[in-house]
Amino acid sequence: MFGLSTFDYDEDGFRECDVTGLTVHKSAEDLVKLFGVTAIVSLAVGGAFALTVALTRWEAIGFLDPGQYYRFTSLHAWFMILFWMVFMEIAILYVGGPFVLGRKLSLSRLGWAGYGIMLAGGALAVFSIATYDLPNQAPFYTSYVPLPSPAPYFAGAVLFLLGALVAAVPFFVTLWHEKREHPSKTLPLITFGAFITGVIALEALVGGITALTPAFLWRIGFLEHLDAAWYRQMFWTIGHGSQQINLLAMITVWYFMTHVIGGAEVASEKISRVAFVLYLFFINLGAAHHLMSDPALSSSWRMWNTSYAAYGAVVASMIHAFAIPAGLEAGRRRKGAGGGLFGWLWSAPWKDPGFSSTILSIILFGFLGGITGVMMGQMQLNMSWHNNLAVPGHFHATVVTGTTLAFMGLAYYVLRLVFGRDWFASRLASIQPFFYGGAMAVVCLMMMYLGLLFGVPRRHPSVMDIPGTAFDFSPSEPFFVVFGIAAILSVVGGALFVVIAVGTLLAGGTFTPPIVEDRAISPVSGDAAPPHEQSMRGTFVLVLVFFAVFVVLYALNWFLLSQVWEIGP
Amino acid sequence: MGDDDHSPLESPEGHWWNQSVNRRESIWLGISGAWAVSMFGWMLGWTQVGEQNQTGQTYEVSTERYRQKVQSFKEAAGTLEVDGEEVLVPDGNDVYVGALQWAWDGLPVVLQPGETYNFHLGSYDVQHGFGVRPEGNLSKQISLQILPGYEWVVEMSFDETGTYHVVCNEFCGVGHRSMHGTFVVQDHEPVETGSGGSESSDAAYGSWFTSDARGGATDFDGEPTDATDQSDVTVEVGADGNGGPYAFAPTAVQVSSGTTVTFEWVSDNHNVLVESQPDGADWEGVDAFENEGYSHSFTFDAQGVYEYYCEPHLGMGMKGVVEVV
Ligand code: HEM
Ligand SMILES: [Cu+2]
Ligand SMILES: [Cu+2]
């Protein structure tokens, strides 16, 4: 595939990976390359749009005029949240299934077909955004009915989702074959995580098709009327459901990367698997936290929904927040890599961009994305977040400093282990995750600050000059300056990744294992006791710090809300 | 990696389900569970003792019906002049807010501090966002979703006096960024129901179509249409222009004294407010937002320039002129 790889397969199409010990089949590997490269190209395009959008919101620059801002923001959303994320996720399903199980990808033709449908649907949607004219309006990510988004947009979106659905089928069929052959064997944790991701993806995609198909029919005039509240509820099954896919795929990558590079082991199979199952049952309706400040829903339903999401999904995330660093700590202690409280962490391969991306992703996702998500998911607190810039602040923390960073880390290893090439400019590669993660964290914090403390709306190109009134948000200007500079840096950081990836594919040398000197640690030099008997005190301290920050931010947000005038009975 | 018995890439061996869990992991589980329950409890408790809960009755109502409700609210309301601007004084404690592309109908109103009002939130067209903050303290802000087809009644009571700004927080089309309204919280004497007159200003015809005047700049080539030889002239309201159906066509028209001009609505949600007119003229325009098919006629006698605009689309530059020569 692409003629870019340095590996050879045996006559059955298999090869053995020297680093992970996995048996990899060409049918799966070709598709992983195809989906992976498409994702990275999309990231590059989406990043260019990010720059134009960010420099418009920083009004001192005011790059785009207002009408174009709406269009460009919609394009940014599509290239990032749909193309970059979803293409990458399909690749992850193929790694988590066939790679880990050492099998061929069953029905791999469907993978190719799915790819084609996704590409066609995506192209149609993006084309319609790039060219729509009045009376059509920019769809953004949500295309809220009855604002008229272009009709081909809805058709394209449905097609794209359908394609993703088709591409997921080979993964499930592969698992099914494995189960038929080895009915009593438990799936490896990574495969189990990928499986749950796949199931949630199915739910989300079906929900999305249910919402967008009527919207298309309404837009072409076949349906007279579509209820706005119904559409919102249905839309968010995919709108949020796909974020859950991002979350689960990311967590699966965390387990994978900390193991492959850091030597992590599973702290407790039981607990980690229960956490995945909790997601399966509890996360889908968590989508309704987008409706906390909507009419048309009773407060008891909204409350029940948040509580149920809090009990189920949040607890599941908190479990992983412990289990993953604990796995790293226990695994490294067993291998004799680090004594004391944090020795296992200091001695870790921080120069390896695969490792540092993963750890930064865990930290930034937890502190910035996770905590804020729980806060805005509380019914009343939602009023102070709803539709202001703090919302993009939150979801860039989850989907950029969390998922994107984790996927970048994985992609570094796709380059090595799948394409068999070593990083071109490896010095640059080792600072890239810090550069990108750091700048993006500032972008997120500024957006949250602007939204919560200045009430700056999202999806708005000119808050310093609102036509027809003297009122504006000028006191917030200094924060926009910091936001703008950090946004430029983060785009540079993202571009760096793309340059390294493309450079590696075209000009990287052949990769020869082992991956880091660290892996040479002898298993006998450490304590041989199983992971769950290892000390997890370092992790425990870290999660207590996390918990303290959580409680403080939670309290601050309630304080902020309590200052507002009286609302409600 | 043969040296790992506990790899996430391999099937776990033996009775993994019965394997014991590290004590610290169990403690963390307990903390997580307790925290989730506490957060839920706090949220429930806040509905009883907290002062900010976005709950209230929702009614299904057609956009047309909701428009009528807001219209009746405006008709029943009194007026008061606050800082040189005419604002509505609600008749009773119900305040009707009609969101439309791109204005807030029913606003501005003046409210008594400490009094509890029922805010009725609804839309005439697409989804909008009711984002509110007092002028002097931007961090005291909240936002509520507005959906067409639904009327949401939420109680609110304000202690802090001053102007509150309402900015649309949900993308609602190209003019979204111009969708702004206000209300004022201020102690005032009881006011009787009545209707206000129109204010006047002497802005020059020359700058009226630029963004130096109220609202956005208008697409106008500088040449008024000469209709001085006609006794009946038609101006389309909501014709294509200014980036959508946001123009008066012709934008500026010259007529002879005594000419009847008919304003015909060719798209929805527009009104005609008079910005300025010659001394002695008494054209009142059309206050209410009207839809396609509506028309309004007036006979222009007094010589001079009549400047007018559409309120919701002022930000888009929807402005016009009738000049009697
Ligand atoms: C280079 C880093 C990035 C920067 C500087 C950036 C910046 C921005 C800005 C300024 C907005 C507009 C917010 C508003 O005005 O409402 C935005 C919207 C958005 N971004 Fe990004 N972004 C970046 C990367 C990403 C990535 C990697 C993803 C997804 C994986 C993403 C997903 C989105 C989405 C979904 C929206 C919302 C569009 C909507 O409102 O419908 N962004 N971004
Ligand atoms: Cu709006
Ligand atoms: Cu208008």
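Remember, predicted model here, so these are calculated numbers, not experimental data. By convention in this document, chain letters (A, B, ...) are assigned in the order of the sequence lines, proteins followed by strands, and residues within each chain are numbered from 1.
Nearest heavy-atom pair across B:Gln145 and A:Pro295 is O-CD, 3.4 Å. Annotation for A:Gly568 and B:Val154: closest pair N-CG1, 4.2 Å, computed over non-hydrogen atoms. Nearest heavy atom pair, residue B:Ser139 against residue A:Leu560, reads O-CD1, 4.1 Å. The two residues B:Arg177 and A:Asp465 come nearest to each other via the heavy atoms NH1-O, 3.9 Å.
Neither the backbone nor the side chain of B:Tyr117 comes within less than 4.5 Å of any heavy atom in chain A. The part of B:Tyr150 that comes within reach of chain A is its side chain, from C-beta onward, which places non-hydrogen atoms under 4.5 angstrom from that chain. Neither the backbone nor the side chain of B:Glu160 comes within contact range of chain A; no heavy atom of the residue lies under 4.5 Å from a heavy atom of that chain. Looking at A:Leu189, the atoms closer than 4.5 Å to chain B (heavy atoms on both sides) sit in the backbone and in the side chain alike. Using a 4.5 Å cut-off between heavy atoms, A:Ala330 makes no contact with chain B at all. Heavy atoms of A:Leu187 lying under 4.5 Å from chain B belong exclusively to its backbone. Within the 4.5 angstrom heavy-atom criterion, atoms from both the backbone and the side chain of A:Ile190 approach chain B. No part of B:Glu60 comes within reach of chain A, as not one of its non-hydrogen atoms sits under 4.5 angstrom from that chain. Contact of A:Val551 with chain B is made through backbone and side chain together, with heavy-atom distances under 4.5 Å. With a 4.5 angstrom heavy-atom cutoff, A:Asp133 does not touch chain B via any of its atoms. Of the atoms belonging to A:Phe192, not a single heavy atom falls under 4.5 Å from chain B. Interface remark: A:Ala326 contributes no atoms to any contact with chain B (heavy atom separation under 4.5 Å).
Shown here is A:Asp65, whose CG atom has more than 12 heavy atoms of other residues, nucleotides or ligands within 6.0 Å.
Checking side-chain atoms of B:Ser157 against main-chain N and O of A:Glu566 turns up no donor-acceptor pair under 3.5 Å. The closest donor-acceptor contact from the side chain of A:Gln380 to the backbone of B:Met43 lies under 3.5 Å. Of the possible donor and acceptor atoms, one in the side chain of B:Arg133 sits under 3.5 Å from a partner among the backbone N and O of A:Gly455. B:His176 places a side-chain N or O within donor-acceptor distance of the main-chain N or O of A:Arg459, the cut-off being under 3.5 Å. For B:Glu170 (side chain) and A:Asn387 (main-chain N/O), no donor-acceptor pair under 3.5 Å exists by modelled atom type. Using modelled atom types, no side-chain atom of B:Glu51 and backbone atom of A:Ser562 make a donor-acceptor pair closer than 3.5 Å.
For the pair A:Trp565 and B:Asp159, the minimum side-chain heavy-atom distance is 4.5 Å or more.
Ring-plane geometry between B:Trp28 and A:Phe547 is classed as perpendicular, the angle between the planes exceeding 60 degrees on a 0 to 90 degree scale with a lower cut at 30.
Comparing A:Tyr69, A:Phe140, A:Tyr255, A:Trp385 by heavy-atom pairs within less than 4.5 Å of chain B, the highest count is held by A:Phe140. For chain B, the option among A:Ser268, A:Gly468, A:Pro66 with the highest count of heavy-atom pairs below 4.5 Å is A:Pro66.
Between A:Val564 and the options B:Asn137, B:Ile142, B:Val132, a side-chain contact (heavy atoms from CB on, under 4.5 Å) holds for only B:Ile142.
Here OG1 of B:Thr47 is found 7.0 Å from CE of A:Met379. Values are rounded to the nearest 0.5 Å. Here A:Tyr144 contributes atom OH and B:Leu147 contributes atom CG; the two are 9.5 Å apart, rounded to the nearest 0.5 Å. Annotation: the span from B:Arg24 atom CZ to A:Ser535 atom OG amounts to 4.5 Å, rounded to 0.5 Å. The structure places CZ of A:Phe540 at 11.0 Å from CD of B:Glu25, a figure rounded to the nearest 0.5 Å.
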